[in-house]
Amino acid sequence: MGRGHYGAGKSVTLVMLQLPIYLDHNSTTPCDPRVVEAMLPYFSKKFGNAASRSHSFGWEAEEAVEIAREQVARLIGAETKEIVFTSGATEGDNLAIKGVFEAYASKGNHIITVVTEHKAVLDTCHHIERLGGEVTWLEVDAGGSIDPAELEAAIRPTTVLVAVMYANNEIGVIQPIREISVIARRHGVLFFSDATQAVGKVPVDVNADGIDLLAMSAHKLYGPKGIGALYVRRRNPRVRLAAQMDGGGHERGMRSGTLNVPAIVGLGKACELCGAEMASEALRVSSLRDRLEEGLLRIGGTSVNGNREDRLRHTTNISFRGVDGEALLAALGKDIALSSGSACTSASMEPSYVLKALGLDDDLAHSSLRLGLGRWSTADEVEYAIRRIGETVALLRDRAYR
Ligand SMILES: *Cc1c(COP(=O)(O)O)cnc(C)c1O
């Protein structure tokens with residue numbers, strides 16, 4: 001190991017592996033076959049428009065949508081009327097932030113968010129600034145968490161929204177959601193959370209957690225791409241939201257457009273499966289993650305980014321000092337699918353803004369990999385990844401010092 005060769009005895013298990021192996025579940029997940037099966041009838045046989053009230057094709061589609069709405073609501077402890085279907089979390093983030101900003105313009109124009117949010121939140125908040133709104137950008141500590149006291153100090157009489165993600169997509173760190181919601185509530189400010197990485201992986205309950213708006217996406221929880229949901233609280237308080245899409249008044253006027261029935265059915269089924277299997281899956285996947293992390297840390301010159309306590313159990317983000325992350329990815333790319341940070345920024349050569357917010361310098365941020373395990377990850381894949389990454393890191397370091 002570490003010399004570019006596998007021990008002869010180990011290669012037996014390697015032959016059975018299907019390459020490339022997928023360790024990028026924070027970018028997207030495969031659709032669960034049970035989800036695909038549930039969706040199939042709604043493409044052809046049951047093709048009705050859920051808004052058609054005058055015939056059975058429409059009723060059938062509407063019934064399927066309402067069952068899915070119930071499945072989504074149950075997973076996050078919401079009521080069905082509080083679920084608005086969207087095209088995904090990007091749209092949910094936009095609708096929540098722009099919708100609240102517009103609807104509460106008479107109260108104020110100030111929003112508080114965090115520098116490590118997903119681009120869909122950051123760029124929406126930049127848009128709010130261009131509209132004349134004011135945004136406070138909270139920093140995070142070295143572990144990736146915000147300081148609730150800092151959040152409270154940032155609240156003004158004109159603050160209309162606090163937007164803090166549930167769990168980070170690059171490092172998996174879970175924010176102190178309940179402390180945040182208690183503060184927001186105390187000051188009468190709405191709390192929006194982009195929970196795209198958390199829903200289906202950890203127990204999320206909008207009432208226990210005190211969340212007023214929540215965005216989620218099907219393709220991060222073994223459902224199809226292009227569908228998601230926004231939770232909008234109806235009681236204590238009743239959240240008002242300005243629609244960002246005008247049209248037929250679907251989704252109680254909050255999101256017009258013919259519903260994507262097959263995808264909605266898929267989202268519902270994916271939520272049901274997560275609800276039923278979350279506890280056992282988390283145990284299995286977290287032991288794989290811990291094994292992977294332990295193996296990679298043994299390489300040396302390595303460190304985990306973000307605090308390791310309050311963290312998604314399938315995610316780890318590791319820096320390999322002295323190794324260029326892009327070179328590492330390129331060398332591994334054929335056999336292991338993973339990412340050097342968020343997929344949205346890794347196209348550019350900018351180091352991850354999330355890792356920089358933790359205090360990493362450019363070099364260290366550039367030397368990092370995000371690894372995300374999933375429903376079908378295996379112990380063999382983890383062992384392979386440890387060996388393969390280990391030898392590649394050794395090779396690149398060797399080259400760098402020559
Ligand atoms: C993936 C992701 C998004 C974007 O979701 P889409 O459904 O792909 O638009 C937003 N926020 C977070 C935290 C994500 O992980």
Side-chain angles (χ1 to χ4, degrees), residues 22-31 35 72 76 83-98 113-127 140 144-146 163-175 177 180 191-202 204 209 211 213-231 244-245 255 257 260 263-264 266-268 270-271 274 306 310-317 337-347 352-355 357 370-374:
Y22 190 73
L23 290 180
D24 202 12
H25 287 85
N26 299 55
S27 287
T28 195
T29 58
C31 220
V35 169
V72 174
I76 59 170
I83 302 299
V84 176
F85 290 115
T86 64
S87 63
T90 298
E91 186 188 342
D93 290 344
N94 273 265
L95 178 54
I97 295 168
K98 292 173 181 171
T113 190
V114 185
V115 295
T116 52
E117 292 288 309
H118 190 273
K119 282 281 180 192
V121 168
L122 295 182
D123 287 351
T124 302
C125 287
H126 285 305
H127 185 96
V140 295
S145 307
I146 66 158
V164 180
M165 72 199 321
Y166 210 109
N168 186 270
N169 42 298
E170 288 190 43
I171 53 178
V173 168
I174 297 174
Q175 294 291 351
I177 293 296
I180 294 167
F191 174 33
F192 163 60
S193 188
D194 175 346
T196 310
Q197 293 286 343
V199 171
K201 314 291 167 53
V202 295
V204 171
D209 291 340
I211 295 169
L213 301 109
L214 173 148
M216 58 184 279
S217 180
H219 76 95
K220 302 287 174 73
L221 44 85
Y222 308 96
K225 293 170 184 57
I227 191 72
L230 181 68
Y231 158 79
Q244 300 300 304
M245 186 83 80
R255 205 279 192 173
N260 183 349
I264 288 169
L267 168 61
C271 286
C274 283
D310 305 314
R311 196 167 49 139
L312 295 174
R313 301 171 77 171
H314 63 283
T315 306
T316 183
N317 188 307
L338 34 70
S339 151
S340 63
S342 96
C344 317
T345 48
S346 60
S352 152
Y353 63 89
V354 172
L355 297 182
R370 173 185 74 182
L371 302 113
L373 294 146

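Order of appearance sets the numbers: ligands from 1, and atoms from 1 within every ligand. Just so we're clear, the structure is a prediction, and the values are computed from it rather than from any experiment.
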What's the shortest distance from [atom] to any protein heavy atom, and which residue and atom give it?
atom                    : answer
atom 4 (C) of ligand 1  : Thr90 OG1, 3.5 Å
atom 11 (N) of ligand 1 : Asp194 OD2, 2.6 Å
atom 7 (O) of ligand 1  : Ser217 OG, 2.6 Å
atom 5 (O) of ligand 1  : Ala89 CB, 3.2 Å

Atom pair CE/CG of Met216 and Asp93 - distance to nearest 0.5 Å:
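Nearest 0.5 Å value for the CE-CG distance: 12.5 Å.
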Looking at CD1 of Ile174 and CZ of Arg311, how far apart are the two atoms once the value is rounded to the nearest 0.5 Å?
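Reported value, rounded in 0.5 Å steps: 10.0 Å.
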Is the shortest N/O to N/O distance between Asn26 and ligand 1 below 3.5 Å?
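In this structure, Asn26 places no N or O atom under 3.5 Å from an N or O of ligand 1.
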May I ask you to check whether Lys220 has an N/O atom sitting below 3.5 Å from an N/O atom of ligand 1?
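For ligand 1, there is an N or O atom that lies under 3.5 Å from one belonging to Lys220.
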Out of His219, Lys119, His118, Lys225, indicate the one that has the non-hydrogen atom closest to atom 12 (C) of ligand 1.
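Shortest heavy-atom distance from atom 12 (C) of ligand 1: His118.
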Can a side-chain donor-acceptor contact be found between Lys225 and Thr28 if the only test is distance below 3.5 angstrom?
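Yes, side-chain donor-acceptor contact under 3.5 Å.
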Indicate whether any N or O donor in one side chain lies under 3.5 Å from an N or O acceptor in the other, for Arg370 and Ser352.
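The criterion, which ignores hydrogens and geometry beyond distance, is not satisfied for Ser352 and Arg370.
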List the steps and the verdict of side-chain contact (heavy atoms from CB on, under 4.5 Å) for Thr315 and Ile171.
CA-CA 7 Å; Thr315 306; Ile171 53 178; over 6 Å; no
Show which atoms of ligand 1 fall inside a sub-4.0 Å distance from at least one heavy-atom site of Gly88.
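Going through ligand 1 atom by atom, the ones under 4.0 Å from Gly88 are 7 (O).
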Per-atom contacts of ligand 1 with Asn169, taking only distances under 4.0 Å to non-hydrogen atoms
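Counting from 1, the qualifying ligand atoms are 13 (C), 15 (O).
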Would you say that Gln197 contacts Asn168 through its side chain, given a criterion of any heavy-atom pair below 4.5 Å between the two side chains?
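No, too far: nothing below the 4.5 Å cut-off.
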Would Lys119 count as a cation-pi partner of Tyr353, with NZ or CZ less than 6.0 Å from the six-membered ring centre and within 45° of the ring normal?
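Yes; both conditions hold, so Lys119 lies above the ring face of Tyr353.
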